[in-house]
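Reckoned from all heavy atoms, side chains included, excluding hydrogens, waters and symmetry mates. In this text the structure is predicted, and so the values were computed from the model without any measurement.
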2 protein chains.
Amino acid sequence: MLFAEHGFDAVSMRDITALAKVNLASVNYHFGSKRALLAEVVGSRAHLLVEERLRLLSALRRDKNGRPKLEDVIEAFLRPSLEMSRQPGGADHMRLRARLGVERVGESKAQFEQIFDASNEKIIDALAEALPDHPRAEIYWGFHCLLGIQNYTMANSGRIQHLSRGACDPTDVEATLARIVPFVANGFRALKRKRAAPRPRR
Amino acid sequence: MLFAEHGFDAVSMRDITALAKVNLASVNYHFGSKRALLAEVVGSRAHLLVEERLRLLSALRRDKNGRPKLEDVIEAFLRPSLEMSRQPGGADHMRLRARLGVERVGESKAQFEQIFDASNEKIIDALAEALPDHPRAEIYWGFHCLLGIQNYTMANSGRIQHLSRGACDPTDVEATLARIVPFVANGFRALKRKRAAPRPRR
DNA sequence: TTCTTGTTCAAACGATCGTTTGAATTTAAA
DNA sequence: TTTAAATTCAAACGATCGTTTGAACAAGAA
């Protein structure tokens, strides 16, 4: 998909219509504008992804104290994102989301990001349950790191493939999950109870 | 800086010249093209950043086995990136890099990424020294995670500020380093010796 | 001082852009 | 079957784009 490859602004309606063999005016008739086309393209898949996340979340196993396992929470968050690459057009959707992910939240993006707000909060809640000794603020930091890893993985820029000469391939869903999940889980554990942590402020 | 805010293609030369109060034709005269202007803007700072990284790397303390401390290596990588926000225009540069970071490696980007190739390899070498029991392939995975976190942090999209209602601020350099460095270090340790790790392939 | 080189500038070029227009065609409803 | 609504289409609109042009000005060299 062209938006994913080149970014919204670099791709013209004529590029799109030529590739899709549809008429320029028809696209405008049906979607109203280029911007609305993007919202449709992105929004429909995002809703599906959120549903799958919430499904995995509600199916989490709990220990006798009612706590989910940290690794399971992280996987519930990541797996729907990564597995999207297995659907038709899914890899492109992921890359488009990665582009949007590094943009500043603004009017054009607010609608899109809101799709994830509620489910993100639920993931953070589950993380907090799995890490009862961690203050909420630390959970947010860990989540920031998790978002960064997810976003970069979805972008699939080719960077780490290049650096590792192919030894490391983020498009391999299972291999990627097998690395990121423990990485992030252990990362979260490093954040625990840092009440005495120095916080110099400039 | 407009490129950072809106992306290369969404920003016109007229936007730039209006903001900078320079003449449109003069910019073309001096830089040759819009694309070359971008390369100049990005490249000069990137070289400075690489130099600082290499300086920190060569100054790493070593234990009696000659090994650097993992946390120190990670900080040597991250600090120059994050501290750039303290320089004039630095925050914009970071955000522009984050945009470029999620783009596919291609002609327009190859020149830029090569600036980091050699220093990235040196960081990975230092990581491998700090983690002598880890196979190189696992180090690359960890580095992928580190790149993702760096890129997202530089993007400063406002996402985690929004989710955490301000409790988590990636523009606070010291607070961010104090979280990311231990997070990543512990994440790397979770990857150790996974020779028996299942690697199902689709 | 004159000549050469470098720089700035307003205007223009040729191209592309998202969107609109109105006719023609297709589909749905009565 | 006729009418109404929906859809498609080629052409065009008004705007913007990166780049170029050539004159004017400034700076450097002889």
Taking only side-chain nitrogens and oxygens of [X], does any of them come within less than 4.0 Å of OP1 or OP2 of [N]?
X	N	value
A:Ser26	D:dT7	no
B:His30	C:dG6	no
B:Asn23	C:dT7	no

With sequence neighbours excluded, residues passing side-chain hydrogen bond (donor to acceptor under 3.5 Å, both in side chains) with [X]:
X	answer
B:Asp9	none
B:Glu71	B:Arg189
A:Asn28	none

Could you give the distance from OG (A:Ser85) to CE (A:Met94), rounded to the nearest 0.5 Å?
5.0 Å
Set of residues satisfying ring-ring contact (aromatic ring centres under 6.0 Å, His included) with respect to A:Tyr140, sequence neighbours excluded
none
Salt bridge or not for B:Arg61 and B:Glu75, using N-O below 4.0 Å?
no
Reading 5' to 3' through nucleotides 15-29 of chain C, protein heavy-atom contacts under 4.0 Å coded B for base, S for sugar-phosphate only, - for none:
--BBBBB--------
Angle between the two end axes of the helix from C:dT1-D:dA30 to C:dA30-D:dT1, five base pairs per end, rounded to 10 degrees?
10°
Cut-off 3.5 Å, side chains only: do A:Arg136 and B:Ser164 have a donor facing an acceptor?
no
For the residue pair B:Tyr152 and A:His144, does the interplanar ring angle fall in the parallel (under 30°), tilted (30 to 60°) or perpendicular (over 60°) class?
tilted
